[in-house]
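All remarks here apply to the structure that follows.
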Amino acid sequence: MAEPSTKQHLYLVDGSSYIFRAYHRLPPLTDPEGTPVGAVYGYTTMLWKLAADLDEADGPTHLAVILDAGSVSFRNEIYEHYKAHRPDPPEDLVPQFPLIRDATRAFSLPCIEVEGLEADDLIASYAREAQRRGWDVTIVSSDKDLMQLLGETDGARIDMLDTMKNQRIYLPEVEEKFGVPPELVGDVLALMGDAVDNVPGIYGIGPKTASKLIAEHGSLTAALDSAPDMKPSKLKERLLEGREDAELSKVLVTLKEDCDLPQPLDEMQLGPVPPEPLAAFLSKHGFTSLLKRLETGTGSPARKTDLNPPKPDKAGDNGAGDGTTANRQPLPEMPRIDHSAYETVQSIERLEHWIARARAARLVAVDTETTSLDSVRADLVGVSLALGPNDACYIPLAHGGDDMFAQKPEQVPMDRAIAALKPLIEDDSVLKVFQNGKYDLNVFARAGIAVAPIEDTMVISFALDAGRGEEGMGGGHGMDELSERHLGHTPIAFKDVCGTGKKAISFAEVPLDDATRYAAEDADVTMRLYRLLKPRLSEEAGTRIYERVDRPLIPVVARMEREGIKVDRARLARLSEEFAVEIGRLEGEIHELAGQEFTVGSPKQLGEILFDKLGYKGGKKGKSGQYSTDVSVLERLAGEGAPIARKVLDWRQLAKLKSTYTDALQAAINPATGRVHTSYSLVGAQTGRLSSTDPNLQNIPVRTPIGRQIREAFVPEAGNVLLAADYSQIELRLAAHMAGVDTLKEAFAAGEDIHARTAKEMFGEVTRDTRARAKTINFAILYGISRWGLAGRLEVEPDEAQAMIDTYFQRFPGIQRYIHETLESVRAKGYSETLFGRKTWFPRINSKNQAERQGSERAAINAPIQGTSADIIKRAMARMLPALADEGLTDVRMLLQVHDELVFELPESRVEAATPVIRRVMAEAALPAVELTVPLGVDIGTGLSWDAAH
DNA sequence: CGGATCACG
DNA sequence: GACGTACGTGATCCGA
């Protein structure tokens, strides 16, 4: 081996870690074919710069790219959880992994990966080998694990280069970050752990403590050995308890420096880059500025002798499905979205053609375009259909606006199109796939079309992935998010087509070519999502909840939205006025007491008035540095004789009622129906509950007399009544069943007052006070109790609260076991389950962050109970109208759902007949799937307002 | 646009 | 080095 005349300098590029960082720092570019290439572009420019540094003083003479191969390494044999909790890479990054290899080949650079070895290990081994030969080495990465390698041996130096920050990393930088020299970095890492790689470290020891300990004792072993002699402290306990974790972690973070080297160092020599494959690559992905530079030779990259000839490129055809790589979630074989493949259907003949094809396929994705987000007000503008990837069309129906004299584009007349589509959309042998089908059902309903049968990708996603969102990755079920996550594709944004804010235009004004790209793409994406998600239902046990609970509910909830509920506008207006007068009066008094005018609605100003100006005691600032002025604080001040506090409380109540209810509800009345139509979200709450928006009719006041006046404004049509049916204590009943608490089950069976019974068990006697406390404790149990939380609510010391919890567990054996078993199961599986099989995911259940973890634990205790209750009322809703119809009660309308309550409107004459049916359907809603060991009680009332029906 | 507050189950 | 104590929602207002 001849000694080189000048010093050799090997650059080792940590390709895998680079691409993750580039992805997050660069905008989401796509190439001409629609493949996301933002990270690849960053990677390409980096290689360009490195290769161009060939003749620089400290530049590379040799260069190789090292990649991770696969997701399992020898470290998993040592520790099965290693890197186990890494979120899957973002979907628009996945197709870029194979392109990294393409880019490297385009530069004719060696690209090295070995199954079972991480890039870090290969880098370490190559670096040491080069160092032995007396070469300098630069590791192009910013991975802290690699900092262990830095330093100089026999004049051969290893350093790092962070190209993103354009920063050299050497001993001072390591010292600054870890407070120790490179050879001790591994020891620090072993103590502190690494949440991203799931290296445990020692629980409760962070970077600060870890580097302090290692710096002080000189090594991990010495630090651990020192523990027994330390004076008693949390740290001492943690060190003693965590010794094994730390030793395991040390093994995990130690780099393997003696890997077999698949390609000799000499072959990594860098020379001028041959322009040919590079030009082809740059042009394919639309990197035009680099292409221009290559052609003009300005700053052209260097090249190396061609030892790694590019192979024929197959992966590039699809950008996905290249199963060779860290691509752990291979995309299905679908061609990329191609907007030019879509058809604009402008004649009845073409429409008939598409309808015939859809019939033959028996499966079609459908999407409607309208004038409004409010499905009950929306007018139909067009319909899109998709039969398969890129096989989609858009049928414009009302483009050109409603100006009768304006020039309108050629389109099938609305009535002819509706007449042609109706038989297809109503055909029970053709499955219609929607994304959020409830919306389209309402739109079609207004056009006189009753859609069935349907599938809904949004609802399927919810059955599979509720709660699954993690840091940096959305967990929603909207089309754009699903497309990003599952297809790696960003659909055209609505705002790019219609604009936003004042300049926004109606979809009816969008030119047909833009409209077609947008609308047909939505149907296309929906069909693609369906193909991907539907098979997962059976693979991941989602079929039961989807088919038996959520899917049947879609048309039922759509119908409830269309029904709406009548509100008495005059009554609300009167209330608004009364509230306004009272608010004005209180405001004057508050200003008087404060000695100045200020914005009463500003918690910031109020806090300063109360605690700084007026000098009341006990002001507590939160982390925003602001005094808290919430009810509990103001109640306390009022009790301590601060007259202003009571007035502010009254002011707040009225201001809330006026702005959120009396004013807003009047504005929400649909002029066409004279009723208020809420929109329910089927995927809003992670537990499976519905949520209600625009307006929210699930939080109409009920707890105070003044608030209940608002309920009085919810009324039936003349000759009708409102009927409210609610489950009594359903969550406590379910808890008694699920935890198998005999005492509670017996009490429910006997129809006892459950809080009173709890009081008797807990305190020996039932008084107003003990019953109230028992009620609080019952709820605390459902929500995942902590002694401090309960102490705060009951205004007792944490010790006393703990004693009550102990008593509760003792009196109601089963509860503690339920909590323990639920948590164990969620920790192991990652999700909780309801009695009907609904999953809720808890990605933070094993978090190292205590607050985060405990939060997840409380939610996980509650989710099966709240979720089972939601399943039950949903089943009742799906059965309700058919059950009533069976009794000839076709004029009962189901209007609202408020978690454990259903509200109906019906002719007064029907109350007697309907009441037992409603009661039976609700009480038996769990059957036959689940046989509960407690009865479900249902309270029913009727009246001429929602308030009176209670 | 986030925080504070408060309406509901 | 800390931390923040009850589950699940949505609407409104203030103020940066």
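Just so it is clear: chains get the letters A, B, ... in the order the sequence lines come, proteins before strands, and each one is counted from 1.
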Return the value, rounded to whole Å, for the distance between atom [atom1] of [X] and atom [atom2] of [N].
{"X": "A:Ile700", "N": "B:dA7", "atom1": "CD1", "atom2": "P", "answer": "12 Å"}
{"X": "A:Lys848", "N": "C:dC3", "atom1": "NZ", "atom2": "C1'", "answer": "16 Å"}
{"X": "A:Ile710", "N": "B:dC6", "atom1": "CD1", "atom2": "P", "answer": "16 Å"}
{"X": "A:Lys658", "N": "B:dC6", "atom1": "NZ", "atom2": "P", "answer": "18 Å"}
{"X": "A:Lys775", "N": "B:dG9", "atom1": "NZ", "atom2": "C1'", "answer": "12 Å"}
{"X": "A:Gln709", "N": "B:dA7", "atom1": "CD", "atom2": "P", "answer": "14 Å"}
{"X": "A:Leu191", "N": "C:dG1", "atom1": "CG", "atom2": "P", "answer": "13 Å"}
{"X": "A:Glu852", "N": "C:dA2", "atom1": "CD", "atom2": "P", "answer": "19 Å"}

State the [atom1]-[atom2] distance between [X] and [Y], to the nearest 0.5 angstrom.
{"X": "A:Met192", "Y": "A:Asp187", "atom1": "CE", "atom2": "CG", "value": "13.0 Å"}
{"X": "A:Ile865", "Y": "A:Leu835", "atom1": "CD1", "atom2": "CG", "value": "9.5 Å"}
{"X": "A:Met738", "Y": "A:Leu734", "atom1": "CE", "atom2": "CG", "value": "7.0 Å"}
{"X": "A:Leu575", "Y": "A:Ile706", "atom1": "CG", "atom2": "CD1", "value": "8.5 Å"}
{"X": "A:Asn846", "Y": "A:Arg853", "atom1": "CG", "atom2": "CZ", "value": "8.5 Å"}
{"X": "A:Asn699", "Y": "A:Ser692", "atom1": "CG", "atom2": "OG", "value": "7.5 Å"}

Problem set entry | Minimum heavy-atom distance A:Asn778-A:Ile754, with the two atoms named |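 It is ND2-O, 4.2 Å.
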
Problem set entry | Check: A:Thr687/A:Arg838 side-chain N/O donor and acceptor closer than 3.5 Å |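 No, A:Arg838 and A:Thr687 have no side-chain donor paired with an acceptor closer than 3.5 Å.
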
Exercise. Would A:Arg238 and A:Thr209 count as having a side-chain donor-acceptor pair, cut-off 3.5 Å?
Worked result: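 No, because no side-chain N or O of A:Arg238 sits under 3.5 Å from a partner of the opposite role on A:Thr209.
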
Looking only at atom [atom1], what distance separates [N] and [M], rounded to whole Å?
{"N": "B:dA7", "M": "C:dA2", "atom1": "C1'", "answer": "34 Å"}
{"N": "C:dC3", "M": "B:dG3", "atom1": "P", "answer": "16 Å"}
{"N": "C:dA6", "M": "B:dT5", "atom1": "P", "answer": "15 Å"}

Exercise. Which nucleotides of nucleotides 6-16 of chain C have their base under 4.0 Å from a protein heavy atom (B), which only their sugar-phosphate (S), and which neither (-), written as one string 5' to 3'?
Worked result: BBBSBBSSSS-

For this session: Dot-bracket for DNA chain C, please, read 5' to 3', with Watson-Crick or G-U wobble pairs under 3.5 Å on both distances, ( ) within the strand, [ ] crossing, | other strand, . unpaired.
Result: ......|||||||||.

Exercise. When all nucleic acid strands are considered with a 4.0 Å heavy-atom cut-off, which category describes A:Leu690: base, sugar-phosphate, or nothing?
Worked result: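 No contact at all - A:Leu690 keeps every heavy atom at 4.0 Å or more from the nucleic acid.
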
Could you go through residues 794-804 of chain A and list every donor-acceptor pair under 3.5 Å that involves a side-chain atom there, pairing it with any protein atom two or more places apart or in another chain?
unit_1	atom_1	unit_2	atom_2	d
A:Gln802	OE1	A:Arg787	NE	2.9
A:Gln802	NE2	A:Asp806	OD1	3.0

Problem set entry | Side-chain N or O of A:Arg787 closer than 4.0 Å to phosphate OP1/OP2 of C:dT5 |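 Answer no for this pair, as no side-chain N or O of A:Arg787 is under 4.0 Å from OP1 or OP2.
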
Problem set entry | Phosphate contact (B:dC8 OP1 or OP2) by A:Arg711 side-chain N/O below 4.0 Å |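 No.
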
Problem set entry | Any N/O donor-acceptor pair, A:Gln850 side-chain to C:dC3 base, under 3.5 Å |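 Side chain to base: pair found, below 3.5 Å.
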
